[in-house]
Structure formats: C-alpha cells, structure tokens
Amino acid sequence: MIHLGQTRSAMPGNHALLTPDTFVRAPLPGMQRATAIVHAAPAMGAAFTQYTAEFEAGGSLGPTAAQRFLFVLEGELTVTAGRKRHALQPGGYAYLPDDSYTVSAVSASRAAVIEKAYLPLKGVRRPKLLIGTEAGAPAAPLMGPQGSDDWLTVHKLLPEEPAFDFAVNTMTYLPGATLPMVEIHVMEHGLLMLEGGGIYRLDDCWYPVTAGDFIWMGPYCPQWFGALGKTPAKYLIYKDWNRHPLEAA
Ligand code: UGY
Ligand code: MN
C-alpha cells in the first residue's frame, strides 16, 4: 500500500499521537532476541521512557538504571528474582524497583514497558517488587465533578502509597462514555490504546484513535476522551504521581 506521506501520527509540541504505521523498531542495549518501539523518551520532552518490547521465544530485556513497570500485551513473560520466578500472562504486570530482576519471554510476546528514574521521598522507603494482574487490581468508577460515572472504570495497578512516584491505571469506557471534564494538570501521561477507540482531544486538536495507538501528553496538555463504536474502549495510562512539582522539576 502506498501512503503518499499520509498518517494520523502528529507531534505538535505538548503532545504526540503515534500510530502503528509510523513505528520504528530498534533493540535497546542488552536486549536479546527482542526489539523496542520507543514511544516516549526525554528526547521529546518526557520525563520517563515508554516502549513496546517485542520478544521472540527466549528473548529478554537488557538492564536499566531506572525502576521499571511491565504490562504483558501478548504471550508470556517470566520475571526472575534470585531463585524465584513469576509468570506473567496478558493483563499481568510487574513493578521492578531496580536492576536485580531479569525479564525473559517464554513464547513470542509483547509488553508495554515504562522506565523512570526514582524520586526518593524523605522518610519513605522505596517500593519493593510487585506482581499483579489487571483483573485482580482494585477497580472503581471514575469520579468526576458530577460524582461517579459507572460507564468508566479505572483499575489502579499500583498501590496508592507515597513510596510510588508514578501511577499506572487501565481505564475502560463503555461505548458513548466520556471523560467527565477536560483535564488540565501538571502530570504528564503515556497512554497505550488497548481496545476499541474514540476521539481524543489533545490541546486544541481532536484525533480519531484506535487500539495500538500511543499518546504522550506533556504537563498541562488539555485532554478529553469519548468512546465510539459498539465495543468498550480501554487504555493503559501512566502518570507521574505523589511528588511535589518542585522536587520533580
Ligand atoms: O488519571 C488521569 O489523569 C486520567 N483521567 N487522564 C486521562 O484519562 N487523560
Ligand atoms: Mn489526565
């Protein structure tokens, strides 16, 4: 197919929409039989890195100096810590506080990976290894200015403890559900569309979005979403969290 230079991808400054037709794969240092599509990185102004890791059977991630969050999209991964092994299937996730863990693929797999330098908080201990599943994570309707909205469910994948300096949630919208307000906030977001689609407002642009798309929202980027179609729309969303803006700057 000839694209004639057309794409839905856009990078106007304080946000980015990156669609699969523009993804470029390149291994990160230390990856074995695996490659990465780097969606968000300091080069674009983000204070974190997010990529999709694609593994062959037996493939593995390289080391990182940062804390790491993994969410399995397809296949099966093993997180090894000393003699302990944790199997992660689709919807399974892991928070790895440091580099003492290896991540390898049992079969051909894909995972969303988020990496961020840890911001310590005085008097608070760093978080430990955490393994979970989306289905087992606490779920609640989103609270908006008019109260809660049962059409929009949030699964909080990380505990709401000050030790964590970021949050990762899934948000599931029934068809027709919307964010209850245009949000403008200091936190940035990395967002991977997992299912369905709709319209995302980012700053003063309205974009059609669908499963597989990635969105980065910089601090204070106006944002709103409405789900379209006959099936729910779901996304995985990262935000920096629990830290004073003066510390994070
Ligand atoms: O957590 C959030 O800020 C979330 N409600 N933002 C979003 O979905 N764009
Ligand atoms: Mn938001």
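Numbers here are sequence positions counted from 1. Both counts, for ligands and for their atoms, begin at 1 and track the order of listing.
Every atom of ligand 1 with a heavy atom of Ile237 under 4.0 Å away is listed here by number and element: 6 (N), 7 (C), 8 (O), 9 (N). If you number the atoms of ligand 1 from 1 as listed, the ones under 4.0 Å from a heavy atom of Tyr200 come out as 7 (C), 8 (O), 9 (N).
Shortest contact from atom 8 (O) of ligand 1 to any protein heavy atom: Tyr235 OH, 2.6 Å.
Heavy-atom distances between Met187 and ligand 1 stay at or above 4.0 Å for every pair.
Arg8 and Asp213 are joined by a salt bridge, as a carboxylate oxygen and a charged side-chain nitrogen come within less than 4.0 angstrom of each other.
Between Tyr173 and Tyr235, the angle of the ring planes lies from 30° to 60°, which puts this pair in the tilted group. Under the 30°/60° scheme for interplanar angles, the aromatic rings of Phe69 and Phe166 are found to stand perpendicular.
Side-chain atoms of Asn14 and Asp203 include a donor-acceptor pair closer than 3.5 Å. Judged purely by distance below 3.5 Å, without hydrogens or angles, the side chains of Ser60 and Ser104 never pair a donor atom with an acceptor atom.
The main-chain N or O of Ala66 is found under 3.5 Å from a side-chain atom of Thr64 such that the two form a donor-acceptor pair.
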The test is side chain to side chain contact (heavy atoms under 4.5 Å, CB included); show your working for Phe71 and Tyr238 and say whether it passes. CA-CA 11 Å; Phe71 183 91; Tyr238 156 95; over 6 Å; no

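For the Mn ion (ligand 2), the tally of protein N/O/S atoms lying closer than 2.8 Å stands at 4.
When only interatomic distances are considered, the shortest N/O to N/O separation between Lys239 and ligand 1 falls below 3.5 Å.
By heavy-atom distance, the residue among Met217, Lys156, Arg201, Glu183 lying nearest atom 4 (C) of ligand 1 is Glu183.
Each side chain to side chain donor-acceptor pair (under 3.5 Å) pair with one or both residues in residues 76-85, not counting sequence neighbours, appears once here: Glu76-Gln89.
The shortest side-chain heavy-atom distance between Asp240 and Val186 does not fall under the 4.5 Å cut-off.
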